[in-house]
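Okay, structure first, notes after.
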Amino acid sequence: MRFLFLAGAALLLSAPARAQRPAAMPATPPAAPEVTAHASRMHTLTLRLRPGQDVRQQLAALVQQQHLRAAAVLTCVGSLTQVTLRLANQEGPTVYRGHFEIVSLVGTLAESGSHLHLSVADSTGRTIGGHLLDGNVVYTTAELVLGVLDDVAFEREVDPTFGYRELAVRPAVPAPAKASHKSPKGKK
């Protein structure tokens, strides 16, 4: 038996190397769609959420208040007493109660729509994650740094592949200049 194994191995090693391809696979893969990237300058916003505040609701309010057209979560640390996520391939929310450490919060933010994922760990280190929904309540703190992209705008468009509103990145259109309401010199 050992001899047969060694003989088989020797035959494999001495045979010329050939690429094996399943019969149904084409010789060259189909061309991938062209990837378009948009460069942008960035500035940051830093904030701290306090006990009892809802992470998603506070971020949504900040996006509206600051008129953010394109931003990303650069980092987030903190703790929660309630976690509400939409888990992978699930329709509705899943709610967890207890004490959780924020392991990561990532995603894109814009007035046109945001897409955020949260990962948290419980007291045993077990980690769960999914889509951030309303209902993520701060325990002691949530410290965030957001990167605001100055030269692009995020939009959400329905992708026909699955029917979800997915990210579309566009060059930013400059905001119109605000009219000055100053009275002419010497007149009141």
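As a basis for the values below, the full set of heavy atoms in this structure was taken, side chains included, without hydrogen atoms, waters or symmetry mates.
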Q: Kindly say whether Ala168 contributes a backbone atom to a donor-acceptor pair with the side chain of Glu157 at under 3.5 angstrom?
A: no
(Q) Taking Asp134's backbone N and O only, do any of them form a donor-acceptor pair with Asp54's side chain (distance below 3.5 Å, no angle check)? (A) no
Q.
Using modelled atom types and a 3.5 Å cut-off, is there a donor and acceptor pairing between side-chain atoms of Arg56 and backbone atoms of Ala60?
A. no
(Q) Please tell me whether Ile128 and Ile102 are part of a single hydrophobic cluster in this structure, the criterion being side-chain heavy atoms less than 4.5 Å apart. (A) yes
Q.
Is there a path of hydrophobic side-chain contacts, each under 4.5 Å between heavy atoms, that joins Leu133 and Leu59?
A. no
**Q.** Pairwise side-chain contact, His99 with Ser123, heavy-atom cut-off 4.5 Å (strictly under)
**A.** no
Q. Below 4.5 Å, heavy atoms only, C-beta onward: do Leu68 and Val148 meet side chain to side chain?
A. yes
Q.
Please check if the number of heavy atoms outside Tyr139 that lie under 6.0 Å from its OH is greater than 12.
A. no
Q. Thr140 and Ser79: side-chain donor and acceptor closer than 3.5 Å?
A. yes
Q: Examine the side chains of Arg170 and Ser112 and answer whether a donor and an acceptor come within less than 3.5 Å of each other.
A: no
Q) Of all heavy-atom pairs between Ala70 and Ala153, which one has the smallest distance, and what is that distance? A) CB-CA, 4.1 Å
Q: Please answer: with hydrophobic residues joined when any side-chain heavy atoms are less than 4.5 Å apart, are Leu62 and Leu105 in the same cluster?
A: yes
Q) Do the side chains of Leu109 and Leu116 get nearer than 4.5 Å, heavy atoms only? A) yes
Q. To the nearest 0.5 Å, what is the distance between CZ (Arg165) and CG (Asp159)?
A. 12.5 Å
Q) Looking only at heavy atoms, what is the nearest atom pair of Asp151 and Ser40, with distance? A) N-OG, 2.9 Å
Q: Start with the C-alpha gap between Gln82 and Val95, add the side-chain angles, then the distance that decides, and say whether side-chain contact (heavy atoms from CB on, under 4.5 Å) holds.
A: CA-CA 7 Å; Gln82 179 175 300; Val95 178; 3.9 Å; yes
Q: Please check if any side-chain donor atom of Arg50 sits under 3.5 Å from a side-chain acceptor atom of Thr141, or the reverse.
A: no
(Q) According to a hydrophobic-cluster definition based on side-chain heavy atoms being under 4.5 Å apart (Ile, Leu, Val, Met, Phe, Trp, Tyr only), do Val77 and Leu80 belong together? (A) no
(Q) Does any part of the side chain of Glu91, heavy atoms only, come nearer than 4.5 Å to the side chain of Arg86, both counted from C-beta? (A) no
Q.
When you compare the side chains of Asp150 and His43, does any donor N or O come within less than 3.5 Å of an acceptor on the partner?
A. yes
Q. Rounded to the nearest 0.5 Å, how far does CG of Leu118 lie from CZ of Phe100?
A. 10.5 Å
Q: Taking all non-hydrogen atoms of both residues into account, name the closest pair between His117 and His131 and its distance.
A: NE2-CE1, 3.2 Å
Q. Are the side chain of Asp122 and the backbone N or O of Arg126 linked by a donor-acceptor pair below 3.5 Å?
A. yes
Q. When you measure from the side chain of Thr44 to the backbone N and O of Met42, does any donor-acceptor pair fall under 3.5 Å?
A. no
Q. With a 4.5 Å heavy-atom cut-off, do Leu149 and Phe154 have their side chains touching?
A. yes
Q: Answer whether the closest heavy-atom distance between the side chains of Thr94 and Leu87 falls below 4.5 Å.
A: yes
Q) Looking at side-chain heavy atoms only, is the closest gap between Leu47 and Leu49 below 4.5 Å? A) yes
(Q) Are Thr84 and Leu132 packed together at the side-chain level, in the sense that at least one heavy-atom pair is separated by less than 4.5 angstrom? (A) no
Q | same_hphob_cluster(Val83, Leu144) at 4.5 Å side-chain heavy-atom cutoff | A | yes
(Q) Any carboxylate oxygen within less than 4.0 angstrom of a Lys/Arg side-chain nitrogen, looking at Glu111 and Arg69? (A) no
